[in-house]
Amino acid sequence: MPLILFVDDDAETRRQLGGALTDSGHKVELAKSGEEAIARLREVDFDVALSDLQMGEIGGLEVLSAAREFRPETPVIILTGQGSIAVAVEAMRKGAVDFLTKPVDLDHLDLVIEKALSSRRILRENLELKQELKKQQGTRKLLGNSSSMQALRRDIERAASTDATVLLRGESGAGKELMAESIHMQSHRSSGPMIKVNCAALAEGVLESELFGHERGAYTGAHRLRRGRFEAAQGGTIFLDEIGDLTITSQLKLLRVLQEKTIERVGSTTPIPIDVRIVAATNRDLEEAVSAGEFREELFYRLSVVVLTSSPLRQRRSDIPLLSSVFLREFNAAHGRTVANFSADAERCMTAYDWPGNVRELRNCIESLVVMSHKTVIDLADLPPQLRQTAELGDVNLPLGRTLDHVSREYLLRTLDSVGGNKARAARILGIGNKTLYRKLQEYGFGTEMPASIGPDDSEL
Ligand SMILES: Nc1ncnc2c1ncn2[C@@H]1O[C@H](COP(=O)(O)OP(=O)(O)O)[C@@H](O)[C@H]1O
Ligand SMILES: [Mg+2]
């Protein structure tokens, strides 16, 4: 039953019209003043609000603007005396769906309410369609439930709400571009453009005019004025990928943009103010590049206001099954296939593999499996050779009736054995960090000294 808010400061009108609305099969809530109506609108999602125009301090126009503000889906109908039709027309201009003059013709009231209800339905449907569209555009989401992925998503959300320059780090294929998209989509710039530039793909001279544009006649062949990528990104985000590959000259030019928030087209000295958020990405060790004199220190610091790092897939193996099943579904749909899942062995093997190309490699692998497979279950034998190797380490036969401690000790030692004592490799297969492996070996009485070169223990258990 449609829920209607009816506000009028006159008790008699409230009784009469309220009664008529109830008789027509609506649920009616009455309010005595504009204040009361606004308070109710805040709390309840009414299907329609019917408001008298002239009431004490807060009138119908105020009720209307409050409804527009926090209940944009609730249509408002204005009720007015003969003398104030001009104001009622103004109310229509401000978003009221209709107005009624007193004394109200009850048939007409029904009609107007019906119209308002159907306009609400259409509004609803539009909003839902828009949300659906947004969801579809947002299917490229950063997936993964590992703690590092959850933390990364939280950090992205925090950074996204600001205009701070962000530097994305991580191995190739680990999701930097997706992170940049996610930052843009969650920022207040999401309705603006997202422009991507691959700095590595552009030669020195081209890069500059690509980024900043050029004036007509700036150089031979520049027949027309050309706006650059920074101008194209006005009001939005620019994603500078492979920033570590910029030449020193280009780095200096970019530094100027960061400092002055203006650009100059090639062949012009007129600064153009830019309102663009910069997100840069690299898989290079920029500190090292700075030490080697290949990357400007100041640019490095300016870019790294916020640094977000996506860890390699092998350090968050628990994400592999989820990513695999999502990609499987995606490529089934894309290629009209019906591969259902992976066998337990295949899944174990995929989780144990190191994925040097990270999520990109996993995606490609699954796409080719889906395209090439004629079975519904992908088994060990279907996997590419580099993955199968991981599985060819052999079996451990563990009799039942042992303690868990005994079994993990046995399993760890056998694994270490199977890789010829290579501790880093054993740790990776076991899904534990190097430090954890060393600690366990010490616990088991192997008293191994940990080499100083062992990295941080960031694998997940
Ligand atoms: N966490 C993730 N969830 C879903 N897809 C991902 C994730 N990380 C990466 N991908 C996908 O893997 C591929 C490579 O990611 P990309 O962002 O291009 O990596 P990078 O820019 O770091 O090389 C893309 O197809 C991307 O959509
Ligand atoms: Mg990339």
Side-chain angles (χ1 to χ4, degrees), residues 134-157 159-160 165-187 194-202 207 210 229 237-246 278-286 289 303-304 306-335 342 350-351 353-371 384 387 458-460:
K134 224 178 173 170
K135 237 193 271 164
Q136 281 172 12
Q137 287 165 347
T139 44
R140 283 166 56 78
K141 271 208 316 230
L142 273 170
L143 303 169
N145 291 324
S146 59
S147 51
S148 62
M149 210 56 212
Q150 288 181 20
L152 183 64
R153 276 197 300 265
R154 270 198 302 276
D155 290 347
I156 286 178
E157 198 183 323
T165 300
V166 181
L167 179 64
L168 305 176
R169 310 189 69 164
E171 289 181 8
S172 184
K176 296 184 294 298
E177 187 166 339
L178 207 52
M179 288 159 74
E181 282 172 15
S182 172
I183 291 172
H184 174 70
M185 288 315 291
Q186 290 182 61
S187 76
M194 160 91 180
I195 301 288
K196 299 179 185 178
V197 184
N198 185 343
C199 303
L202 297 163
L207 181 78
E210 182 73 20
R229 314 286 270 166
T237 308
I238 194 164
F239 175 51
L240 303 173
D241 203 0
E242 316 274 9
I243 192 93
D245 291 359
L246 280 183
I278 298 178
V279 178
T282 183
N283 54 15
R284 276 192 73 182
D285 183 344
L286 283 189
L303 288 173
S304 10
V306 177
V307 180
L308 300 177
T309 308
S310 75
S311 44
L313 192 54
R314 63 183 168 282
Q315 281 174 16
R316 45 182 163 101
R317 293 180 191 277
S318 59
D319 287 342
I320 295 174
L322 172 73
L323 287 167
S324 312
S325 71
V326 172
F327 295 154
L328 191 67
R329 228 180 308 141
E330 183 185 334
F331 291 123
N332 268 329
H335 300 295
F342 301 92
M350 291 177 60
T351 313
Y353 179 60
D354 272 353
W355 300 106
N358 294 296
V359 187
R360 180 175 294 120
E361 186 185 3
L362 177 66
R363 251 182 88 88
N364 293 344
C365 169
I366 290 179
E367 177 163 26
S368 98
L369 286 172
V370 168
V371 169
L387 265 95
D458 46 6
S459 286
E460 281 166 31

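Every value quoted in this text rests on a predicted model; they were computed, and no experiment measured them. Atoms within a ligand are numbered from 1 in the order they appear, just like the ligands themselves. Index from 1, following the sequence.
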Inset, instruction - Quick one: do Val359 and Leu178 satisfy side-chain contact (heavy atoms from CB on, under 4.5 Å)? Show the steps, please. - result: CA-CA 11 Å; Val359 187; Leu178 207 52; over 6 Å; no
Legend entry - Residues lining ligand 1 [heavy-atom distance under 4.0 Å, listed by chain and residue number]: Arg140, Lys141, Leu142, Leu143, Met149, Glu171, Ser172, Gly173, Ala174, Gly175, Lys176, Glu177, Leu178, Leu323, Phe327, Val359, Arg360, Arg363
Inset, instruction - Verify the neighbour count for atom CD of Glu157: are there more than 12 heavy atoms of other residues, nucleotides or ligands below 6.0 Å? - result: no
Inset, instruction - Return yes if some donor-acceptor pair links the side-chain N/O of Asp319 with the main-chain N/O of Asn145 below 3.5 Å, else return no. - result: yes
Legend entry - Worked verdict on Met179 versus Ser310 for side-chain contact (heavy atoms from CB on, under 4.5 Å): CA-CA 9 Å; Met179 288 159 74; Ser310 75; 3.7 Å; yes
Legend entry - Parallel, tilted or perpendicular: rings of His335 and Phe331 (30°, 60°): parallel
Inset, instruction - With sequence neighbours left out, write down each residue that passes side-chain hydrogen bond (donor to acceptor under 3.5 Å, both in side chains) with Glu181, or none if nothing qualifies. - result: Arg140, Lys196
